[in-house]
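Here's the structure, in structure tokens; my notes come after.
Starting from 1, each residue takes its place in the sequence as its number.
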Amino acid sequence: MPSLQHAVTVAAPPERVWEVLTDVERWPERIATVDSVERLDEGPLRVGSRTRLQQPKLPEAVWTVTELDEGRAFTWESRSRGVAISADHAVEPQGDSTRLTLSVSLSGPLAPVGWLMTKGLTRRYVETEAASIKRTAEAGPAEPA
């Protein structure tokens with residue numbers, strides 16, 4: 001199964017990293033690899049939550065949360081013709097900082113072809129997403145209006 005993983009150390013507490021990571025509605029203003037986000041349900045992320053994402057150079061996709069360990073990790077999946085994509089997001093305390101790990105894996109009959117076509121782009125996107133979440137979390141919470 002084609003996959004990749006990228007981890008960064010964030011100089012912020014796990015609670016702050018989790019807050020930034022799961023605030024998916026704000027991803028377009030924080031992460032250059034996300035053009036638009038539409039939550040298809042209300043409330044915090046939970047198993048079964050669905051989110052429509054539009055990213056540059058990729059077809060629009062609906063992501064469904066399949067696993068969630070509150071404050072620690074969530075997995076969501078998207079399916080398209082012959083390919084299932086799973087994206088894992090993990091937050092782990094690491095002394096005075098936090099380890100953020102983002103992983104993507106593909107499965108299905110067209111996964112090998114899909115991976116050949118998107119591996120470089122996917123790697124750049126995952127690295128950009130991790131760096132953006134790190135930068136936002138380290139900047140601290142927004143000032144109240």
Side-chain angles (χ1 to χ4, degrees), residues 1-92 97-143 145:
M1 178 166 54
S3 65
L4 65 83
Q5 182 177 78
H6 182 71
V8 294
T9 299
V10 183
E15 299 80 18
R16 174 65 182 149
V17 178
W18 181 255
E19 174 188 325
V20 172
L21 179 64
T22 59
D23 188 3
V24 298
E25 288 100 341
R26 294 190 65 191
W27 284 10
E29 67 191 67
R30 293 174 169 166
I31 304 173
T33 62
V34 179
D35 287 333
S36 67
V37 170
E38 178 189 3
R39 285 288 307 276
L40 302 177
D41 45 50
E42 295 181 12
L45 289 183
R46 62 187 179 286
V47 172
S49 290
R50 294 174 47 228
T51 302
R52 184 183 327 275
L53 267 173
Q54 180 63 58
Q55 296 183 272
K57 302 180 185 179
L58 294 174
E60 182 178 271
V62 173
W63 293 85
T64 302
V65 176
T66 56
E67 297 176 39
L68 185 128
D69 182 0
E70 184 64 38
R72 295 178 175 265
F74 78 90
T75 299
W76 62 10
E77 296 180 356
S78 181
R79 298 181 183 281
S80 63
R81 292 172 261 136
V83 179
I85 306 165
S86 179
D88 299 310
H89 311 74
V91 172
E92 304 169 75
S97 59
T98 302
R99 181 179 175 88
L100 171 66
T101 305
L102 304 178
S103 307
V104 175
S105 61
L106 279 67
S107 60
L110 297 179
V113 172
W115 190 244
L116 283 175
M117 294 171 51
T118 64
K119 182 179 181 182
L121 180 67
T122 300
R123 180 174 308 285
R124 285 190 305 277
Y125 279 15
V126 168
E127 290 171 358
T128 298
E129 290 160 13
S132 299
I133 292 165
K134 172 184 170 73
R135 182 178 54 252
T136 301
E138 289 178 346
E143 293 296 321

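- Once rounded to the nearest 0.5 Å, the distance linking OG of S36 with CD of E60 reads 6.5 Å.
- Of all the heavy atoms in R81 and L110, the pair that sits closest is O-CD1, 3.4 Å.
- Taking a 6.0 Å sphere around CZ of R50, one finds it holds 12 or fewer heavy atoms contributed by other residues, nucleotides or ligands.
- The two residues E67 and V65 have their closest heavy-atom pair at O-CG1, 3.5 Å.
- A salt bridge links E77 to R79: one of the charged nitrogens lies within less than 4.0 Å of a carboxylate oxygen.
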Under 3.5 Å donor-acceptor pairs involving side-chain atoms of residues 132-140, not counting sequence neighbours:
{"from": "S132", "atom 1": "OG", "to": "T128", "atom 2": "O", "distance (Å)": "2.8"}
{"from": "S132", "atom 1": "OG", "to": "R135", "atom 2": "NH2", "distance (Å)": "3.4"}
{"from": "K134", "atom 1": "NZ", "to": "T9", "atom 2": "O", "distance (Å)": "2.6"}
{"from": "K134", "atom 1": "NZ", "to": "E138", "atom 2": "OE2", "distance (Å)": "2.9"}
{"from": "T136", "atom 1": "OG1", "to": "S132", "atom 2": "O", "distance (Å)": "3.0"}
{"from": "E138", "atom 1": "OE2", "to": "A11", "atom 2": "N", "distance (Å)": "2.8"}

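- Taking 4.5 Å as the limit, every side-chain heavy atom of D23 sits out of range of all side-chain heavy atoms of L21.
- With values rounded to the nearest 0.5 angstrom, D88 atom CG is found 6.0 Å from S105 atom OG.
- Looking at V91 and W18, their side chains come closer than 4.5 Å, going by heavy atoms from C-beta outward.
- Under a cut-off of 6.0 angstrom, the local environment of CZ in R72 is sparse, with at most 12 non-hydrogen atoms contributed by other residues, nucleotides or ligands.
- Among all heavy-atom pairs drawn from S86 and T75, the shortest one is OG-CG2, 3.4 Å.
- The distance from the CD atom of E92 to the OG1 atom of T101 is 5.0 Å, given to the nearest 0.5 Å.
- The shortest heavy-atom contact between L53 and W76 is CD1-CZ2, 3.9 Å.
- Under the 4.5 Å side-chain criterion, counting only non-hydrogen atoms from C-beta, V37 is in contact with T51.
- Atom CD of E129 is separated from atom OG1 of T33 by 3.5 Å, given to the nearest 0.5 angstrom.
- Summarising the geometry, atom CD belonging to E70 is positioned 12.0 Å from atom CZ belonging to R46; distances are rounded to the nearest 0.5 Å.
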Check: What's the verdict on side chain to side chain contact (heavy atoms under 4.5 Å, CB included) for Q5 and V104, showing C-alpha distance, side-chain angles and the deciding distance?
Finding: CA-CA 7 Å; Q5 182 177 78; V104 175; over 6 Å; no

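- Looking at Q55, its side chain never comes within 3.5 Å of a backbone N or O of V34 through a donor-acceptor pair.
- Put simply, the side chain of T98 reaches to within 4.5 Å of the side chain of P14, judged on heavy atoms.
- Residues V62 and L40 form a side-chain contact, since some pair of their non-hydrogen atoms from C-beta on lies under 4.5 Å apart.
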Check residues 111-127 and write down every donor-acceptor pair under 3.5 Å in which the side-chain atom is one partner and the other belongs to a residue at least two apart or another chain.
{"from": "T118", "atom 1": "OG1", "to": "G114", "atom 2": "O", "distance (Å)": "2.8"}
{"from": "T122", "atom 1": "OG1", "to": "T118", "atom 2": "O", "distance (Å)": "2.8"}
{"from": "R124", "atom 1": "NH1", "to": "G120", "atom 2": "O", "distance (Å)": "3.4"}
{"from": "Y125", "atom 1": "OH", "to": "P56", "atom 2": "O", "distance (Å)": "2.4"}

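- Shown here for R39 and E42, the closest heavy-atom pair between the two residues is NH2-O, 4.0 Å.
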Checklist line | Criterion side chain to side chain contact (heavy atoms under 4.5 Å, CB included) on V10 and S97, from CA distance to verdict | finding: CA-CA 6 Å; V10 183; S97 59; 6.0 Å; no

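- The shortest side-chain heavy-atom distance between T22 and H89 does not fall under the 4.5 Å cut-off.
- Between L106 and S3, every side-chain heavy-atom pair lies at or beyond the 4.5 Å cut-off.
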